[in-house]
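First the proteins, then the strands, lettered A, B, ... as listed; each starts at 1. Reckoned from all heavy atoms, side chains included, excluding hydrogens, waters and symmetry mates.
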Number of protein chains: 2
Amino acid sequence: MTPTPPKIRILLADDHTLVRRGVRLILDAEPDLEVVAEAADGAEAVAALRDIEVDLVILDVAMPRMTGLQAARGIARMRTPPKMLMLSMHDNEQYFFEALKVGASGYVLKSVADEDLVKACRTAIRGQAFVYPGAMSALVRDYLDRLNRGESLPRTVLTEREDEVLKLIAEGHSTREIARELTISYKTVERHRENILAKLGLRDRTQVTRYAIRAGLIEP
Amino acid sequence: MTPTPPKIRILLADDHTLVRRGVRLILDAEPDLEVVAEAADGAEAVAALRDIEVDLVILDVAMPRMTGLQAARGIARMRTPPKMLMLSMHDNEQYFFEALKVGASGYVLKSVADEDLVKACRTAIRGQAFVYPGAMSALVRDYLDRLNRGESLPRTVLTEREDEVLKLIAEGHSTREIARELTISYKTVERHRENILAKLGLRDRTQVTRYAIRAGLIEP
DNA sequence: ATCCGAATGGGTGCTGCCACCCATAAGTCC
DNA sequence: GGACTTATGGGTGGCAGCACCCATTCGGAT
């Protein structure tokens, strides 16, 4: 009897039972992959990592209590963090960038085919970045090219001040209110807002709100 | 050899491959249930119903092109509509009421346990309403009580048209875009928006966005 | 027959948002 | 020392959002 090679140990975090079923079904069918634990939210996933050792964490981007992105930030700060693969419902560039920013090795959609999910796992384990196929925009391609050439880019898009203003905008405050809150001029807030919209490629406050919620910066 | 009883024929509509995997895995394991077709969005589901005959349609509430709720409205208008079971990611009253309003027999969360999903299917086929367990708020309980006493529904605050406008506003579309989308006047959209703000007690589009996300009407 | 709600559309005016233009002080990087 | 970024602030103009006002049509309920 030949000894089987060690399998890639996977922690699966998603709040939807049905999704966990589907993913587990696909991964456990592979000879080199094994789902060794499941978590129903981000906090649970982080807690589980303190008890068991895994090679790869598959995180749903949007989960209650602690979103996948928030969890990923925490996991990335561990001493020997496992690889991370973000699972998302949204074919969305902003999300994708957020995921890479927090240290994920890949980003796959819940609408992916089986083989792509398996491929993403193996790619992530090898330490390479995986892009969900079929939806790779020029923006994403550029980003990955730079990444592969070793260029540093993880510069946070927004400055600290812009982050503050972003949050206040997303919380529904008017420009005037924000100015009062930060004790700066109305015009300065407008300037920050302009920069935020330009940098994130958004059009107005409504989109800022959705962005901030997606990114886990504020609660809905 | 005893003849097997006819299985309940199910159409499964969800845009996420992984969810379809999970649901099919669970249902096909039951002796009396059989997933005979799948669809990746609402339009596909409606189209499929023209070709094949099913007893039950399981619809994801949020799908591209045509949402599950929209599809359900269309299906309900068929000559002999199949039973409908809405599948949602959100433990959310607004969604639940919407589902019942369009004629669904049940509403289950994607986080349900296997048995509950199976139970929901069988309950729907018997023509009874199914409420996802564990998340039945007082509001829902009241509603079902009234329903069982034969009283008419307390009607959701917003009209169908207002719901449409609400979603489009929350998705970041401008008044002009919405007018074009719905092929109505700019002023009419403004009127709907005014009514929405008044009815929900909101002040502007930003708050509408957060409300819609909180209510689970749109994805962040 | 009447009344009401829902959907449609118009007018007017205020205010806020957003896109351009401009500048300066302080800090960092090379 | 210059180049660059960040944070600060001003001006101007256009258009959108929002709050009021108004009306018509249609269908269902009383």
Student: Round to a whole Å and report the spacing from CG of B/Leu200 to P of D/dC18.
Tutor: 13 Å
Student: Rounded to whole Å, how long is the line connecting atom CD of B/Glu162 with atom P of C/dA6?
Tutor: 7 Å
Student: Quick check against the 3.5 Å criterion: does B/Glu162 have a side-chain atom that pairs as donor or acceptor with the backbone of B/Leu158?
Tutor: no
Student: Can you tell me how far apart CG (A/Leu87) and CG (A/Leu117) are? Round to the nearest 0.5 Å.
Tutor: 7.0 Å
Student: Applying side chain to side chain donor-acceptor pair (under 3.5 Å), can you list everything that pairs with A/Glu194, at least two apart in sequence or on another chain?
Tutor: none
Student: So, using side chain to side chain contact (heavy atoms under 4.5 Å, CB included) as the criterion, who are the partners of A/Thr188 when residues are at least two apart?
Tutor: A/Ile184, A/Ser185, A/His192
Student: Please tell me if A/Thr188 has a side-chain N or O lying less than 4.0 Å from either OP1 or OP2 of D/dA7.
Tutor: no
Student: Per the side chain to side chain contact (heavy atoms under 4.5 Å, CB included) rule, which among B/Ile218, B/Val189, B/Val208 passes with B/Ile169?
Tutor: B/Val208
Student: Can you give me the N/O atom pairs linking the protein to nucleotides 19-25 of chain D at distances under 3.5 Å, or say none if there are none?
Tutor:
{"residue": "D/dC20", "atom": "N4", "partner": "B/Glu194", "partner atom": "OE2", "Å": "3.1"}
{"residue": "D/dC21", "atom": "N4", "partner": "B/Arg191", "partner atom": "NH2", "Å": "3.0"}

Student: Starting at CZ of B/Arg122, measure out to CZ of B/Arg126 and round the result to the nearest 0.5 Å.
Tutor: 9.0 Å
Student: What residues, two or more places apart in sequence or in another chain, satisfy side chain to side chain donor-acceptor pair (under 3.5 Å) together with A/Arg210?
Tutor: none
Student: Report yes if at least one side-chain N or O of A/His192 is closer than 4.0 Å to OP1 or OP2 of D/dA7; otherwise report no.
Tutor: no
Student: Enter the distance from A/Ile178:CD1 to A/Arg193:CZ here, rounded to the nearest 0.5 Å.
Tutor: 8.0 Å
Student: Would you tell me if any nitrogen or oxygen in the side chain of B/Thr159 comes within less than 4.0 Å of OP1 or OP2 on C/dA7?
Tutor: yes
Student: Tell me which residues in residues 171-178 of chain B lie within less than 4.0 Å of DNA chain C, going by non-hydrogen atoms.
Tutor: none
Student: What is the distance, to the nearest angstrom, from the CD atom on A/Glu160 to the P atom on D/dT8?
Tutor: 12 Å
Student: What residues form a side chain to side chain donor-acceptor pair (under 3.5 Å) with B/Arg24, not counting sequence neighbours?
Tutor: B/Asp28, B/Glu38
Student: For A/Arg205 and C/dA19, give me the distance from atom CZ to atom P, rounded to whole Å.
Tutor: 13 Å
Student: State which residues pass side chain to side chain donor-acceptor pair (under 3.5 Å) with B/Gln207; sequence neighbours excluded, sorted by chain then number.
Tutor: none
Student: Between protein and nucleic acid, restricted to nucleotides 24-30 of chain C and to nitrogen or oxygen atoms under 3.5 Å apart, what atom pairs and distances do you find?
Tutor:
none

Student: Expressed in angstrom and rounded to an integer, what is the separation of A/Leu158 atom CG from D/dT5 atom P?
Tutor: 15 Å
Student: Could you state the CD1-P distance from B/Ile184 to C/dG10, rounded to the nearest angstrom?
Tutor: 11 Å
Student: Going by side chain to side chain contact (heavy atoms under 4.5 Å, CB included), name the residues that satisfy it together with A/Ala45, two or more places apart in sequence or in a different chain.
Tutor: A/Leu11, A/Ala13, A/Ala39, A/Leu59
Student: Shorter than 3.5 Å, N or O on both sides, protein versus nucleotides 28-30 of chain D: list them out with atom names.
Tutor:
none

Student: Without decimals, in angstroms, what is the distance between B/Asn195 CG and C/dA6 P?
Tutor: 9 Å
Student: Tell me, which pairs form a salt bridge (charged side-chain N to carboxylate O under 4.0 Å, His left out) where one or both residues lie in residues 172-189 of chain A, sequence neighbours left out?
Tutor: A/Lys187-A/Glu190
Student: For A/Ser185 and D/dT8, is the shortest distance between a side-chain N/O and OP1 or OP2 below 4.0 Å?
Tutor: no
Student: When rounded to the nearest 0.5 angstrom, what is the spacing between OG1 in A/Thr209 and CG in A/Leu166?
Tutor: 9.0 Å
Student: Restricting to non-hydrogen atoms, name the atom on B/Cys121 and the atom on B/Ile10 that form the minimum distance, rounded to 0.1 Å.
Tutor: SG-CD1, 4.4 Å
Student: Using five base pairs at each end to define the local axes, how bent is the helix from C/dA1-D/dT30 to C/dC30-D/dG1, to the nearest 10°?
Tutor: 40°
Student: Are any of the side-chain heavy atoms of B/His16 and A/His16 separated by less than 4.5 Å?
Tutor: no
Student: Without decimals, in angstroms, what is the distance between B/Tyr186 OH and C/dG10 P?
Tutor: 12 Å
Student: Supply the atom-to-atom distance B/His173 NE2 to A/Arg203 CZ, rounded to the nearest 0.5 angstrom.
Tutor: 7.5 Å
Student: Out of the candidates B/Leu56, B/Val35, B/Ile8, only one should pair with B/Leu27 under the side chain to side chain contact (heavy atoms under 4.5 Å, CB included) rule; please name it.
Tutor: B/Val35
